[in-house]
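This report refers to the structure that appears directly beneath it.
As a basis for the values below, the full set of heavy atoms in this structure was taken, side chains included, without hydrogen atoms, waters or symmetry mates.
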Amino acid sequence: MTASEAVRPQRRVGTFTLGAVLVAAGCGMLVSLLWPRLEIGWLLKASPLILVALGVETLFSARGGGRVKYDWLGMILCFLLVGAAMVFYTAAWAYENGEFFNAGNCSRYADETSFRMDYEFFNGFDSHTLRLNRSDVLEGRIDTYGGWLEVEISDEDGETVLDGSPLNGDQSLEIPRTGWYTILVHGRRTSGEFAFTRVPAEETPPAETEGAA
């Protein structure tokens, strides 16, 4: 062993991965500030790369003759990196499948008779619940200019009465029974507008009494 090899400095396992994560996170923050409308959800989706980088760093350190130090500080660092990867993965899953709402230049109106939105950008979920009577008609209009919009309407028992992926154009749904109905919309980087309006059932006109002859 030469003198230069004897004094070769060691670094703790995980320090390279930590540095790479810090650089990536800083670049992502900068991009989000410079281009606020840019979709940066891919940063969350790339979170498993933290584990990949940590694994590659560990393999190369073992192959390189022990130039990486394994001590309790290094183990804590690895634990923090693995924990961060799991947190970011959970956030990415929620971003795609959870109750997430991200909209740009959006107007929304919801009351006891209607649910409307128009948006230049909509990514995520939104919902509104209406009280509808049997034989009411829920009239809908969906105009999608980019991306896609999925709509699901379910009753208070969770039974789906309308499901479309994607839906576009005019929609009409006759209500089978009185109750609370939830309109759930799921946008995927979409632009457009939609409107759902309750049309009350027509009242049957009273029967006319025939006059006596």
Side-chain angles (χ1 to χ4, degrees), residues 28-29 31-45 87-209:
M29 293 178 184
V31 169
S32 68
L33 291 175
L34 295 178
W35 295 280
R37 294 190 60 187
L38 185 65
E39 174 59 44
I40 60 171
W42 57 270
L43 282 174
L44 291 176
K45 298 176 186 177
V87 170
F88 293 149
Y89 171 80
T90 303
W93 186 92
Y95 182 86
E96 288 296 321
N97 304 291
E99 296 298 322
F100 175 80
F101 181 86
N102 181 22
N105 197 14
C106 170
S107 64
R108 181 184 187 276
Y109 179 80
D111 61 9
E112 66 276 5
T113 62
S114 63
F115 179 32
R116 300 186 178 92
M117 276 181 59
D118 66 83
Y119 38 84
E120 287 189 2
F121 176 80
F122 172 40
N123 190 62
F125 296 82
D126 197 4
S127 65
H128 182 57
T129 301
L130 297 172
R131 177 73 177 182
L132 303 174
N133 298 321
R134 182 177 180 273
S135 298
D136 284 350
V137 176
L138 190 62
E139 296 286 353
R141 174 70 189 181
I142 302 171
D143 294 302
T144 301
Y145 311 131
W148 61 263
L149 184 77
E150 178 181 357
V151 178
E152 178 183 300
I153 302 176
S154 57
D155 61 20
E156 57 192 14
D157 295 328
E159 181 180 349
T160 301
V161 294
L162 176 66
D163 186 12
S165 175
L167 286 176
N168 204 11
D170 293 322
Q171 310 293 326
S172 181
L173 174 65
E174 184 173 351
I175 302 305
R177 60 174 180 163
T178 299
W180 294 96
Y181 289 80
T182 299
I183 306 170
L184 174 67
V185 292
H186 179 197
R188 286 289 190 102
R189 302 177 181 87
T190 184
S191 61
E193 58 186 312
F194 67 81
F196 289 92
T197 304
R198 170 182 175 259
V199 179
E202 295 182 358
E203 296 182 359
T204 304
E208 296 184 1
T209 305

Would you check if [X] and [Y] make a side-chain contact, meaning some heavy-atom pair closer than 4.5 Å?
X: V199; Y: E139; answer: yes
X: Y119; Y: F194; answer: yes
X: L132; Y: W180; answer: no
X: I175; Y: Y181; answer: yes
X: S191; Y: F121; answer: no
X: F196; Y: I142; answer: yes
X: S172; Y: V137; answer: yes

* Going from CD1 on I153 to CD on Q171, what distance comes out if it is rounded to the nearest 0.5 angstrom? ->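 Here the rounded value is 8.0 Å.
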* To do: Measure the CD-CG distance between E120 and N105 for me, rounded to the nearest 0.5 Å.
  => 4.0 Å
Closest non-hydrogen atom pair, [X] against [Y]:
X: S114; Y: T197; result: CB-OG1, 4.0 Å
X: H186; Y: F122; result: C-CE2, 4.5 Å
X: L130; Y: D111; result: CD2-O, 3.2 Å

* Asked: Can I183 and D126 be said to form a side-chain contact (heavy atoms from CB on, under 4.5 Å), step by step?
  -> CA-CA 8 Å; I183 306 170; D126 197 4; over 6 Å; no
* Short question: side chain of N123, backbone of R189 - any donor-acceptor pair under 3.5 Å? ->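 Yes: the side chain of N123 pairs with the backbone of R189.
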* Those residues that, when tested against D143, pass salt bridge (charged side-chain N to carboxylate O under 4.0 Å, His left out) (two or more places apart) ->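 With sequence neighbours excluded, D143 shows a salt bridge (charged side-chain N to carboxylate O under 4.0 Å, His left out) to R141, given in chain and number order.
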* Tell me, please, which residues at least two apart from D157 pass salt bridge (charged side-chain N to carboxylate O under 4.0 Å, His left out). => R177
* **Candidate pair M117 and S107, rule side-chain contact (heavy atoms from CB on, under 4.5 Å), full reasoning** => CA-CA 6 Å; M117 276 181 59; S107 64; over 6 Å; no
Contacts of type side-chain contact (heavy atoms from CB on, under 4.5 Å), residue [X], not counting sequence neighbours:
X: V87; answer: none
X: N133; answer: D136, T178, R198
X: E174; answer: S135
X: A110; answer: R108, F115, H128

* Enclosure of R134 CZ (heavy-atom neighbours >12, cutoff 6.0 Å) -> no
* Decide whether T190 and R188 meet the rule of one side-chain donor and one side-chain acceptor closer than 3.5 Å. =>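 No, no side-chain donor-acceptor contact under 3.5 Å.
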* Examine the side chains of S127 and T182 and answer whether a donor and an acceptor come within less than 3.5 Å of each other. => no
* Show your working on side-chain contact (heavy atoms from CB on, under 4.5 Å) between E152 and T160 and close with a plain yes or no. => CA-CA 7 Å; E152 178 183 300; T160 301; 3.9 Å; yes
